[in-house]
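Have a look at the structure below before the remarks.
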Amino acid sequence: MENKYQKVKDGLKEDIISGKYQVDEKLPTESELMKQYSVSRYTVRRAVGDLESDHFIYRIQGGGMFVQDWHKDWSTPTDTKLIGVITTHIADYIFPNIISGIDQVVSKAGYSILISNTHNMHDKERKSLINMLDSKVAGLIIEPTQSALPNPNEDLYQEIKDDELPTLFINAHYPQLAFPYVDTDDLTAEQNMMRYLFDLGHKSILGIFQVDDIQGVYRMNGFVRAYQEHPEYSYLSNIIMYQSGETSDKIYERINGYLQQTEAPTAIVCYNDQLAIHVIDYLKSKGVRVPEDISVTGFDNYQIGEYFTPSLTTMNHEKERMGADAAETIIKLLNHDKVDNITYQPEIVKRNSAVRPSSTD
């Protein structure tokens with residue numbers, strides 16, 4: 001079945017070749033083409049962009065679109081190939097490693113990457129997607145934005161699907177969108193971290209999870225499931241939920257409230273290492289010793305955590321491998337090869353921030 005983008009492209013091209021529109025004749029506007037083909041602006045822009053690259057169309061700033069002299073030999077010795085990479089962040093935390101893994105693989109295949117970030121905000125995700133479509137990328141590697149919440153950009157993703165643009169999700173995926181993905185079994189990983197803490201003798205544990213990302217929801221579910229395995233002290237479980245953009249002070253206030261309880265937590269599991277490091281700093285500022293008074297764990301194996309004091313117990317994250325696997329998968333999609341989803345099973349990285357509690361029953 002012909003997709004919408006191809007229908008517009010082929011229709012315009014046929015009109016030009018058949019002589020319906022002569023060389024240098026003005027073409028219908030984007031709005032007119034949208035109405036003619038019953039498609040969105042982004043579909044029209046992609047189709048027109050391809051025809052412009054193929055030298056069937058040229059534009060005049062403020063004047064519209066015109067028929068190019070398509071009989072002329074416009075061939076060039078080079079063909080730029082771009083893969084768009086959209087992440088929630090770029091310059092910090094685990095993302096440089098992921099992007100490096102992507103770049104190493106796609107560059108060997110003759111592609112370059114165009115990078116954008118959303119700061120985990122849907123409006124910025126929309127702008128990133130539009131910019132990628134306008135740049136006529138050959139494929140997309142995307143880390144979903146606020147993946148646990150309803151997505152207002154599903155119309156764009158539907159356009160991407162209709163246009164059959166090779167697309168892949170990393171770190172998480174939108175369940176309602178049938179694109180392949182490379183992610184982590186966050187639920188089982190957090191459940192295993194909890195089992196490790198239980199084995200050390202911890203019973204009262206506080207979990208802090210970012211719940212607008214599906215990774216955080218799955219990790220929170222792993223926390224809950226681990227306690228379900230121990231109903232005899234599941235009443236000692238406590239959870240703090242927060243969303244991206246929420247101030248740290250609010251989280252610290254809630255932590256402090258739990259520390260004042262009679263059966264205060266002897267361990268805190270955090271959504272990721274970045275949060276865990278901030279929590280440890282906060283506890284130190286309150287005179288709480290880590291791990292002597294309270295153990296703290298993270299998730300993602302952030303490089304700084306190894307050199308932090310105390311070194312951070314965490315779950316591993318296949319950063320460079322994820323990038324490389326994502327890149328190899330997108331290359332397969334570009335070659336119309338069959339691909340499978342990839343889900344990693346992280347292992348615990350045991351360091352000094354989690355130890356046996358000073359007093360156990």
Side-chain angles (χ1 to χ4, degrees), residues 1-16 21 26-68 80-88 111-147 149-170 173-174 176-181 330 333-334 336:
M1 179 179 176
E2 189 178 40
N3 61 48
K4 295 179 182 179
Y5 140 75
Q6 197 67 42
K7 181 180 177 182
V8 177
K9 180 180 175 181
D10 291 347
L12 275 174
K13 187 175 180 179
E14 176 62 28
D15 286 344
I16 291 170
Y21 299 112
K26 188 173 182 179
L27 291 166
T29 65
E30 286 185 356
S31 296
E32 289 169 339
L33 290 171
M34 288 166 58
K35 184 176 180 180
Q36 178 182 340
Y37 289 97
S38 299
V39 296
S40 74
R41 178 168 61 95
Y42 312 109
T43 295
V44 169
R45 292 176 75 174
R46 187 180 176 207
V48 168
D50 274 9
L51 291 172
E52 189 175 9
S53 297
D54 294 340
H55 303 286
F56 282 91
I57 289 175
Y58 68 93
R59 299 173 190 263
I60 295 178
Q61 185 68 33
M65 301 179 292
F66 299 81
V67 178
Q68 182 68 276
T80 302
K81 297 190 292 185
L82 279 176
I83 292 176
V85 179
I86 301 176
T87 62
T88 54
Y111 289 85
S112 301
I113 59 175
L114 180 63
I115 304 172
S116 182
N117 77 96
T118 68
H119 298 289
N120 213 30
M121 298 172 63
H122 282 137
D123 61 334
K124 293 187 181 296
E125 181 188 50
R126 189 171 192 86
K127 290 178 182 178
S128 294
L129 288 169
I130 292 172
N131 289 338
M132 291 296 179
L133 294 174
D134 287 347
S135 299
K136 295 174 290 183
V137 294
L140 285 168
I141 298 174
I142 303 172
E143 182 191 31
T145 290
Q146 291 186 307
S147 49
L149 302 180
N151 193 314
N153 301 323
E154 282 195 38
D155 59 324
L156 287 181
Y157 281 111
Q158 188 60 50
E159 290 293 336
I160 290 169
K161 184 177 180 181
D162 290 344
D163 291 348
E164 298 179 0
L165 180 65
T167 299
L168 169 79
F169 288 131
I170 58 172
H173 61 280
Y174 298 114
Q176 70 274 25
L177 298 173
F179 292 110
Y181 57 84
I330 202 74
L333 289 172
L334 289 165
H336 305 289

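For the single chain, residues carry numbers from 1 onward in sequence order.
For Pro152, the side chain to side chain contact (heavy atoms under 4.5 Å, CB included) partners two or more places apart in sequence, or in a different chain, are His122. Tyr37 is linked by a ring pair (Phe, Tyr, Trp, His ring centres under 6.0 Å) to nothing, counting only residues two or more places apart in sequence or in another chain. With sequence neighbours left out, the ring pair (Phe, Tyr, Trp, His ring centres under 6.0 Å) criterion links Tyr181 to His173.
Side chain to side chain, Thr118 and Ser128 fail the donor-acceptor criterion of an N or O pair below 3.5 Å. A donor-acceptor pair shorter than 3.5 Å cannot be found between the side chains of Asp54 and Gln68. For the residue pair Tyr5 / Asp162, no side-chain donor-acceptor distance below 3.5 Å is found, with atom types taken as modelled. Remark: the Glu125 side chain and the Asn153 side chain contain an N/O donor-acceptor pair separated by less than 3.5 Å. With no hydrogens or angles considered, a side-chain donor-acceptor pair links Lys136 and Ser53 at under 3.5 Å.
Side chain of Asn120 to backbone of Gln146: a donor-acceptor contact under 3.5 angstrom is found. Here the side chain of Tyr174 pairs no donor or acceptor atom with the backbone of Asn151 at under 3.5 angstrom. The backbone N or O of Thr88 sits less than 3.5 Å from a side-chain atom of Glu143, completing a donor-acceptor pair. Without hydrogens or angle criteria, Gln6 side chain to Asn3 main chain gives no donor-acceptor distance under 3.5 Å.
With values rounded to the nearest 0.5 angstrom, Phe66 atom CZ is found 4.0 Å from Ile60 atom CD1. We find the OG1-CG distance between Thr167 and Leu333 to be 8.0 Å, quoted to the nearest 0.5 Å. Separating the CG atom in Leu114 from the CD1 atom in Ile141 is a distance of 12.0 Å, to the nearest 0.5 Å. Separating the CG atom in Leu177 from the CD1 atom in Ile160 is a distance of 9.0 Å, to the nearest 0.5 Å. Rounded to the nearest 0.5 angstrom, Lys161 NZ and Lys4 NZ are separated by 11.5 Å.
Comment: Asp163 does not engage Lys7 in a salt bridge, judged by the lack of any side-chain N to carboxylate O separation of less than 4.0 angstrom.
Exactly one of Leu12, Leu51, Leu33 qualifies for a side chain to side chain contact (heavy atoms under 4.5 Å, CB included) with Met65. That residue is Leu33.
For the pair Arg46/Leu165, a side-chain contact is recorded, criterion being any heavy-atom separation below 4.5 Å from C-beta on.
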